Colleague: 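Sharing a structure, written as structure tokens. Questions coming.
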Amino acid sequence: MAMQAYQQKAAGLAADLRSRYAVFMANSHLTGGQKLAVHYFTAAVVLFMAQLLFGLLAGLQFIWPGFLYEILDFNVNRMVHINAMVVWMLYGFIGSVYWFLEDESGVPVVGLKWGQLAFWVLTGAVAVVVLVYLLVQVGSGNDTSLWFINEGREYIEAPRWADIGIVAVMLVFFYNVAATFAQGKWSGIAGVLTLDLVALAGLYLAGMFYATNISVDQYWWWWVIHLWVEATWEVLVGCIMAWSLMKLLGVRRQIVQTWLYIEVALMFGSGILGLGHHYFWIGTPEYWFTIGGFFSALEPIPLVAMVVHSIYDSGVHNFKNSNHPALAWIIAHTFGNFLGAGVWGFMHTLPQINLYTHGTQWSASHGHLAFFGAYATINIAFFYLAVQQARGNCWMGGGLADGWRWKSALALLNLGVMGMTVALLIAGYEQSFIERAVEGSTWTAYFDAQNHPWFVQAMVWRVIFGLMTIAGGGLLFWDLLAIGKTETRKAAVINLA
Amino acid sequence: MNEPIPFWASEAFWKKTAIWVTSGSFVLLILLTFDSLAKISAGGSRVPAYSVINKDISYRFDKQLQRYQPVVLGDAPLFGKMLNEAEAEQLVTLGKKTTQAKNCMNCHTLLGNGAYYAPDLTKAWLDQAWGGAGHETAMVQFLLDPEKYARTYGSNRKMPNLGITEEEARGVVAFLKWMSAIDTNGFPHNFKAIGAEEE
Ligand code: HEM
Ligand code: HEM
Ligand SMILES: [Fe+2]
């Protein structure tokens, strides 16, 4: 009896989902590419919420080490936390590209059917990987584990079978992009984007083999991690920003494209050899002190340039724009990128400092502000552009119904992450001084630093600000579902100069 | 807006600059990569051969370089058994794969990279916490039942039982011993190794 009731309920839910999905697929406000983009955005937002949840679990374990001990250990929660982050951000980027591909090229997406298939394949694979992380967790010390459970390398833990699937999906994505531009028209943005995607996907290959020699292992591992976030992702975001500034503010193409080339020159010119700031202590030769220190110290320059560029453009156009939440998140992006990557990164990038801060909470402080400030923000801006269009290009300017919601989400998320960053910074200073400088990095030194009241307090504050972040995340989720639904006004028309 | 755009502000100029700067940096990185990979192959001067696990290893302050350096001393076979290069590599490989399959890096750092919930493992082999000579057995014992042998130093943080087998544990210890002999340019600084107390 009860079983039957459940079955009925499930069938009802499934039917409801199917009909909602059919309504969505019939949405006349969205092109084919934009519908695919919304698929990616939806999955991205769900993974973002998962990221926050598992971050909280890991954060709580610093305070109560017994919490979920041997059920969901710290390493499992942390792995899901950072993997969900990498995946949702990539989903957001892919979605953003599908979003503007047709607008930029002037033709419908070539091979859209394959792109749709690739989305479902990728999402299925992600679900399986996460389930294995949570249910199987670890394996024996052999290749089978690395192929099917977990590769055990931070950020790119996905087992090898999934790596191969990811590459296949990236090839389909790349085909969609390149073929569509080829059929339509090329532009400066299109050219930079296409080459950047080749580099981004190619770099992933550097993380797909096993090495016993841990120096060699970490040498290539950093190619993926660093050359993603400090080179190819930054340029990808530059392309996305260039397009958005034209759309949102009506900035002239020639201006954004010139800026885009300047950013590429500065970002790649500093970021590629800046890779050396990860080669100080992993066994690699001493010349990386000079090369890594010098070039990575230049990395903040393009980030400053981006702030100048976007604020200047916004000012020139009197901040007149058709989508207030999106512009607010874009401004959060430029500042967040500058602060998190530029300032926080610079502070520990010289070897003389990094000797003491390397692998402490200092890195975690920087990691949080940089990933959030540079990449979470810009994706959220795009989610807002997408919901606006999906809801019939509705009004998203001043006096928006329930405008408090997006504003509170914006405030809570930014303050929450900033608060966590500062708490971790304090912990990082304490750890660098006590564990590293004074006591010399032994196990006793490590725990002396971890048990110090300043460290313990910082961990409590991190969770408090983490809860604030989660509250912001929840509001954002709600707002994306609801914003503009009751609006009858059309979006403000921006004068395209 | 009728004035001509100076060349240094033109799209074409920056496009060319972007292409040249990017390819130049990339070519340099490739060249440096060849050099670095040659210098960090196992058995070179910076990364020791796997058979270094047959030796006594320490970590000492080098007055000339003004930093700590690993030093390889006399014979001290791991688990009392001399291994040839192939056997040593096999054991270290088992250990390395175990550290990956057990996801050590999401609690610990290795060479300073990873997570910050548990101590750095770069010089774990040399940590005075393990006591004196023959401490490999203490390490194996710990890895087999970390809950039972946990010390936590008052933090209450305990390593979970990861189902490591005895064979795997020996591999992990071999891997840690080998890693402790890598020349990491003085990281970690000021670390007092087992047996280096007198310095
Ligand atoms: C948006 C761009 C950036 C992101 C997302 C980012 C993120 C991260 C993350 C997550 C880590 C920790 C890696 C680990 O888990 O071991 C890290 C390390 C580091 N980052 Fe960044 N970063 C960015 C830009 C920069 C910039 C521009 C600089 C320098 C100016 C920089 C300097 C460093 C340094 C020196 C480390 C090594 C920390 C250590 O030794 O432990 N980062 N970054
Ligand atoms: C609810 C809010 C969050 C909490 C409580 C939280 C907690 C944590 C914890 C406990 C770790 C492990 C640090 C360690 O190994 O000691 C971590 C790592 C990390 N988290 Fe979060 N997190 C939160 C939100 C975020 C957000 C919003 C981002 C970025 C968008 C982020 C990015 C990262 C990164 C990049 C790392 C790895 C850092 C490194 O290895 O240096 N987290 N987080
Ligand atoms: Fe980096």
Side-chain angles (χ1 to χ4, degrees), chain A residues 62 65-66 69-70 73-75 78-79 138-143 145-146 149-154 157 188 212-216 218-219 254 257-258 261-262 264-265 268-269 272-273 275 279-286 355-356 358-361 364 436 440-444 446-447 450-451, chain B residues 11 14-15 17-18 21-22 25-26 28-29 36-37 39-40 42 46-47 89 92-94 96-103 105-107 109-117 119-120 127-129 153-158 160-162 168 171 179 182-192:
Chain A
F62 264 97
Y69 178 68
E70 291 188 339
D73 282 311
F74 181 86
N75 60 342
R78 186 187 195 273
M79 171 169 64
V138 293
S140 311
N142 55 34
D143 291 325
S145 301
L146 308 188
I149 301 174
N150 158 358
E151 214 189 307
R153 295 162 82 212
E154 201 192 358
E157 288 93 344
T212 293
N213 184 336
I214 190 167
S215 298
V216 173
Q218 293 201 353
Y219 190 92
Q254 198 206 352
Q257 286 192 171
T258 308
Y261 289 127
I262 295 176
V264 171
F268 281 156
I272 291 178
L273 291 170
L275 172 61
Y279 294 162
F280 300 152
W281 326 114
I282 65 165
T284 30
E286 282 136 52
L355 175 60
Y356 301 97
H358 180 49
T360 64
Q361 293 294 333
R436 296 297 173 75
S441 316
T442 56
W443 286 32
T444 325
Y446 173 84
F447 282 109
Q450 302 286 309
N451 293 335
Chain B
E11 200 177 326
W14 282 103
K15 184 173 179 177
T17 310
V21 167
T22 305
S25 306
F26 191 62
L28 268 173
L29 177 62
S36 287
L37 287 178
K39 292 196 168 126
I40 61 174
R46 306 192 55 89
V47 177
E89 175 164 3
V92 174
T93 300
L94 172 64
K96 173 69 163 33
K97 283 187 181 161
T98 303
T99 61
Q100 289 186 222
K102 302 297 180 189
N103 201 4
M105 201 182 183
N106 268 308
C107 281
T109 44
L110 293 92
L111 302 180
N113 293 312
Y116 322 116
Y117 189 70
D120 183 44
D127 205 285
Q128 294 180 358
Y153 298 84
S155 72
N156 289 328
R157 270 184 238 168
K158 279 183 297 189
N161 190 329
L162 297 164
E168 287 170 344
M179 180 162 65
I182 295 176
D183 180 353
T184 47
N185 287 339
F187 172 86
H189 182 64
N190 201 19
F191 178 95
K192 296 283 177 291

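Letters A, B, ... mirror the listed sequences (proteins, then strands); counts begin at 1. Nothing here was measured: the structure is a model prediction, and the numbers come from that model.
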Colleague: With chain A, which of B/L28, B/L37, B/T99, B/T17 has the greatest number of heavy-atom pairs at distances under 4.5 Å?
Modeller: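 Highest number of heavy-atom pairs under 4.5 Å: B/L37.
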Colleague: Heavy-atom cut-off 4.5 Å, strictly under: side chain, backbone, both or neither for A/L146 against chain B?
Modeller: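 Side chain only.
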Colleague: Let me know if B/I40 has heavy atoms under 4.5 Å from chain A in its side chain, its backbone, both or neither.
Modeller: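 Contact with chain A involves both backbone and side-chain atoms of B/I40.
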Colleague: Any side-chain heavy atom of B/Y116 within less than 4.5 Å of one from A/Q450?
Modeller: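 No, too far: nothing below the 4.5 Å cut-off.
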Colleague: Any side-chain heavy-atom pair from B/Y117 and A/R78 closer than 4.5 angstrom?
Modeller: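 No. Closest side-chain heavy atoms not under 4.5 Å.
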Colleague: Please step through side chain to side chain contact (heavy atoms under 4.5 Å, CB included) for the pair A/T442 and B/F191, ending with a clear verdict.
Modeller: CA-CA 6 Å; A/T442 56; B/F191 178 95; 3.8 Å; yes
Colleague: Which one, A/V138, A/I214, A/D143, leads in non-hydrogen pairs under 4.5 Å with chain B?
Modeller: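 Looking at each option in turn, the highest pair count goes to A/I214.
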Colleague: Any non-hydrogen side-chain atom of B/L110 less than 4.5 Å from a side-chain atom of A/Q218?
Modeller: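 They are in side-chain contact.
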Colleague: Flag the one option from B/G154, B/A18, B/P160, B/A42 with the top tally of heavy-atom pairs under 4.5 Å to chain A.
Modeller: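 Of B/G154, B/A18, B/P160, B/A42, B/P160 has the most heavy-atom pairs under 4.5 Å with chain A.
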Colleague: Should A/S140 and B/E168 count as side-chain neighbours, where that means a heavy-atom distance under 4.5 Å?
Modeller: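 Yes - at least one pair of side-chain heavy atoms lies under 4.5 Å apart.
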Colleague: Heavy-atom cut-off 4.5 Å, strictly under: side chain, backbone, both or neither for A/Y446 against chain B?
Modeller: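 Only the side chain of A/Y446 comes within 4.5 Å of chain B.
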Colleague: Go through A/V264, A/I282, A/L275 and name the one with the most non-hydrogen pairs under 4.5 angstrom from chain B.
Modeller: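 Looking at each option in turn, the highest pair count goes to A/I282.
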Colleague: Are side-chain heavy atoms of B/K39 and A/T284 found at a separation under 4.5 Å?
Modeller: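 No - every pair of side-chain heavy atoms lies 4.5 Å or more apart.
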Colleague: Please tell me if the side chains of B/S25 and A/F268 come closer than 4.5 Å, counting only heavy atoms from C-beta onward.
Modeller: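 SC-SC contact between B/S25 and A/F268 ruled out.
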Colleague: How long is the straight-line distance from CG of B/N103 back to CD of A/E151, given to the nearest 0.5 Å?
Modeller: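 It is 11.0 Å, given to the nearest 0.5 Å.
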Colleague: Side chain of A/E286, backbone of B/N185: donor and acceptor closer than 3.5 Å?
Modeller: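 No, the answer is negative, given that no donor and acceptor are paired below the 3.5 Å cut-off.
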Colleague: Of the backbone (N, CA, C, O) and the side chain (C-beta and beyond), which part of A/N451 lies under 4.5 Å from a heavy atom of chain B, both, or neither?
Modeller: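 Just its side chain gets close to chain B.
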Colleague: For the side chain of A/H358 and the backbone of B/L111, is there at least one donor-acceptor N/O pair under 3.5 Å apart?
Modeller: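 Yes; at least one donor-acceptor contact below 3.5 Å.
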Colleague: Measure distances from B/V47 to the heavy atoms of chain A and classify the residue's part below 4.5 Å as side chain, backbone, both or neither.
Modeller: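 The answer is the side chain of B/V47.
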Colleague: So do the side chains of B/F187 and A/F280 get within less than 4.5 Å of each other, counting heavy atoms only?
Modeller: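 No, every pair of side-chain atoms sits at 4.5 Å or beyond.
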Colleague: Would you check if there is a donor-acceptor pair between the side chains of B/T93 and A/T212 at a distance under 3.5 Å?
Modeller: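 There is such a pair between these side chains.
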Colleague: Check whether NZ of the Lys or CZ of the Arg B/R157 lies under 6.0 Å from the centre of the six-membered ring of A/F447 and within 45 degrees of that ring's axis.
Modeller: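 Ring-cation test returns no.
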Colleague: With only heavy atoms counted, which part of B/D127 is less than 4.5 Å from chain A, the side chain, the backbone, both or neither?
Modeller: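 Only the side chain of B/D127 comes within 4.5 Å of chain A.
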Colleague: Evaluate side chain to side chain contact (heavy atoms under 4.5 Å, CB included) for B/S36 paired with A/Y219, printing each intermediate quantity in order.
Modeller: CA-CA 9 Å; B/S36 287; A/Y219 190 92; 3.9 Å; yes
Colleague: Roughly how far, to the nearest 0.5 Å, is the CD atom of B/E11 from the OG1 atom of A/T258?
Modeller: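 Result: 4.5 Å between the selected atoms.
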Colleague: Which bit of B/I182 is near chain A, if near means a heavy-atom gap under 4.5 Å: side chain, backbone, both or neither?
Modeller: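 For B/I182, the contact with chain A is made by the side chain alone.
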Colleague: What pair of heavy atoms forms the shortest contact from A/E157 to B/N106, and how long is it?
Modeller: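 Taking every non-hydrogen atom into account, OE2-ND2, 2.7 Å.
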Colleague: With side chains defined as the heavy atoms from C-beta onward, is the minimum distance between B/Q100 and A/R153 less than 4.5 Å?
Modeller: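 Yes. Closest side-chain heavy atoms under 4.5 Å.
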Colleague: Above 12 or not: heavy atoms from other molecules or residues under 6.0 Å from OH of B/Y153?
Modeller: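 Counting other residues, nucleotides and ligands, OH of B/Y153 exceeds 12 neighbours.
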Colleague: Given a strict heavy-atom distance threshold of 4.5 Å, which part of A/N150 is in contact with chain B: side chain, backbone, both, or neither?
Modeller: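 The answer is both parts of A/N150.
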Colleague: Just so I understand: if I count every heavy-atom pair under 4.5 Å between each of B/K102, B/K158, B/M179, B/K15 and chain A, which residue has the most?
Modeller: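 Heavy-atom pair counts peak at B/K15.
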Colleague: Out of A/G269, A/G188, A/S145, return the one with the most heavy atom pairs under 4.5 angstrom to chain B.
Modeller: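 Maximum pair count with chain B is reached by A/G269.
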Colleague: What option among B/A129, B/C107, B/P188, B/G171 has the most heavy-atom pairs under 4.5 Å with chain A?
Modeller: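 Most heavy-atom pairs under 4.5 Å with chain A: B/C107.
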